[in-house]
Protein chains: 2
Amino acid sequence: MSASKKLSTAVKALYFLAETDPAPQSSVKIAEAIGTNASKLRQTLSLLVKNGIVKSTQGTTGGFLLVKKPEHLHLQEIYCAIEDRKAFYLDVNEVNGSGMEPVRKMNGFFLDLFSDIQVDIENKMRNIYLKNIIEQIKL
Amino acid sequence: MSASKKLSTAVKALYFLAETDPAPQSSVKIAEAIGTNASKLRQTLSLLVKNGIVKSTQGTTGGFLLVKKPEHLHLQEIYCAIEDRKAFYLDVNEVNGSGMEPVRKMNGFFLDLFSDIQVDIENKMRNIYLKNIIEQIKL
DNA sequence: ATATTGGTTACACTATGTGTAACAGATTTA
DNA sequence: TAAATCTGTTACACATAGTGTAACCAATAT
C-alpha cells in the first residue's frame, strides 16, 4: 500500500473505534464500515497494536480497542507506527564511478533537501490530532 | 521515473549545461556526464524545452542549450516542467457507496492535508535556484 | 469441544517503473 | 543533392512494486 493510503486507512479505522461503543470491534466490522477488506486491515492494525495505539483481544468477543485518547494521538505517531520507511519516500539516481564528481555531490544535495521536506511533513503531522480530525469531520 | 528521480536527473543535466561551453550539448554527451542513458534523458529534456527552460537545435551541431539563467531558475519551475501530476503524489482509499458518510469526509480531509503539504513543498522549491545548487556543489 | 478472532504468510494478478531500441523529421556538412 | 547527426517520440520487453484474497495457526470465549 502507498504510504498515504495506508495512513488514511489507519485513521479511518481509528476514527471508527473512537466513535463506537468502547467494546472490541472485529476487523470484519471495521473493514465493512470504512470500506476496505478485513485481511489487509488486520495487517495495518497489528502495527498499531505493536506501537500501543490500539489493543487487540482474541476469541469470540475479541477485536480492536482504542488505547490512546484522540486528544493525545497525532498523525505523526500513527504514521511512524505503520510505516517503516521514511514518509513519502524519495530517491535519486545512483552514480556510477565514471560520473563527474559534482554529480555525486548533487545526489547529496537532493537527499538533504528531501530529508528537510520529510521533517517538515512530520512536523505538520505532529500538530494534527485524531480529535482534531473527528471534530472537523463532524462539521 | 519517480518524481524525485526525474527532478534530480533534470537538475544534473541543467547543471552540466550551466557549467559547460555555451554550445549545444548532445543528449549523449550529457547522459555520459551525469550517468544516465541518452534516450531517457531526451524524454525529460524535451519537457524542459517545451517550458522554455532549455532550447534544442537539431542537426549535426545540434544539442541542448540552457536558456534561463541559473540565478532565475528555481526548482519549482523545473519540477512543474517535467511533472504533470502533483508533486509527491498521494492517494487515499476510494469509498464505495455503502460506507459511512464520515469516512467519505475523511477522504476530503486527507486530500486537503496532502494539498497543503504539496503547497509547502512547492514553496520550499521556489526558494532554491539552480545558482544556489551550483554554488553549494562547488564548496 | 466449538466457534470466533487477531496475526501472519503466501500467492496470483495488476499496475507501474525502467532501460533500450527504433524511427521520423530537422539540420548541418560536404 | 546526399550523408551524417541530432532531437522528439513511440514502442516494447523486462523487472519491480502494489493489491486483493485466501489460508492457516494461536488465542480466547462460550
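So that the names make sense, note that chain A is the first sequence line, chain B the second, and so on, each numbered from 1.
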side-chain hydrogen bond (donor to acceptor under 3.5 Å, both in side chains) partners for [X], two or more places apart:
X	value
Lys29(B)	Gln25(B)
Glu135(A)	none
Gln76(B)	Glu122(B), Arg126(B)

Find the distance [X]:[atom1] to [N]:[atom2] and express it as a whole number of Å.
X	N	atom1	atom2	value
Glu83(B)	dT16(C)	CD	P	14 Å
Asn37(A)	dT19(D)	CG	C1'	9 Å
Arg42(B)	dC6(D)	CZ	P	10 Å
Glu32(B)	dG19(C)	CD	P	16 Å
Leu17(B)	dT7(D)	CG	C1'	14 Å
Ile82(A)	dG18(D)	CD1	P	14 Å

When you measure from the side-chain N and O atoms of [X] to the phosphate of [N], is any distance below 4.0 Å, counting only OP1 and OP2?
X	N	answer
Lys5(A)	dT19(D)	yes
Ser46(A)	dT8(C)	yes
Lys6(A)	dT19(D)	no

Reference residue Leu17(B); test side chain to side chain contact (heavy atoms under 4.5 Å, CB included); the match among Ile30(B), Ile53(B), Val67(B), Leu48(B) = Ile30(B)
Which residue, Gln136(A), Lys131(A), Lys138(A), forms the side chain to side chain contact (heavy atoms under 4.5 Å, CB included) with Ile134(A)?
-> Lys138(A)
Enumerate the residue pairs fulfilling salt bridge (charged side-chain N to carboxylate O under 4.0 Å, His left out) with a member in residues 53-68 of chain A, sequence neighbours excluded, ordered by first and then second residue.
-> Lys68(A)-Glu77(A)
May I have all residue pairs that pass salt bridge (charged side-chain N to carboxylate O under 4.0 Å, His left out) and include part of residues 106-117 of chain B, sequence neighbours excluded?
-> none
Could you pull out all residues at least two apart from Glu71(A) that satisfy salt bridge (charged side-chain N to carboxylate O under 4.0 Å, His left out)?
-> none
Counterpart residues, salt bridge (charged side-chain N to carboxylate O under 4.0 Å, His left out), relative to Lys124(A) (two or more places apart) = Asp120(B)
Please list all pairs passing the ring-ring contact (aromatic ring centres under 6.0 Å, His included) test where one or both residues lie in residues 116-139 of chain B, with sequence neighbours left out.
-> His74(B)-Tyr129(B)
If you look at every strand shown and take non-hydrogen atoms under 4.0 Å, does Lys55(B) touch a base, only sugar-phosphate, or nothing?
-> nothing
All N/O pairs under 3.5 Å across the protein-nucleotides 10-14 of chain D interface:
residue	atom	partner	partner atom	Å
dT10(D)	O4	Gln43(B)	NE2	3.0

With sequence neighbours excluded, what pairs up with Pro24(A) under the side chain to side chain contact (heavy atoms under 4.5 Å, CB included) test?
-> Thr57(A), Leu65(A)
Review item, nucleotides 26-30 of chain C N/O atoms under 3.5 Å of protein N/O:
residue	atom	partner	partner atom	Å
dA26(C)	O4'	Gln58(B)	OE1	2.5
dT28(C)	O2	Thr60(B)	OG1	3.0

Taking only heavy atoms on the protein side, list every residue of residues 20-31 of chain B lying under 4.0 Å from any atom of DNA chain D, sorted numerically.
-> Gln25(B), Ser26(B), Ser27(B)
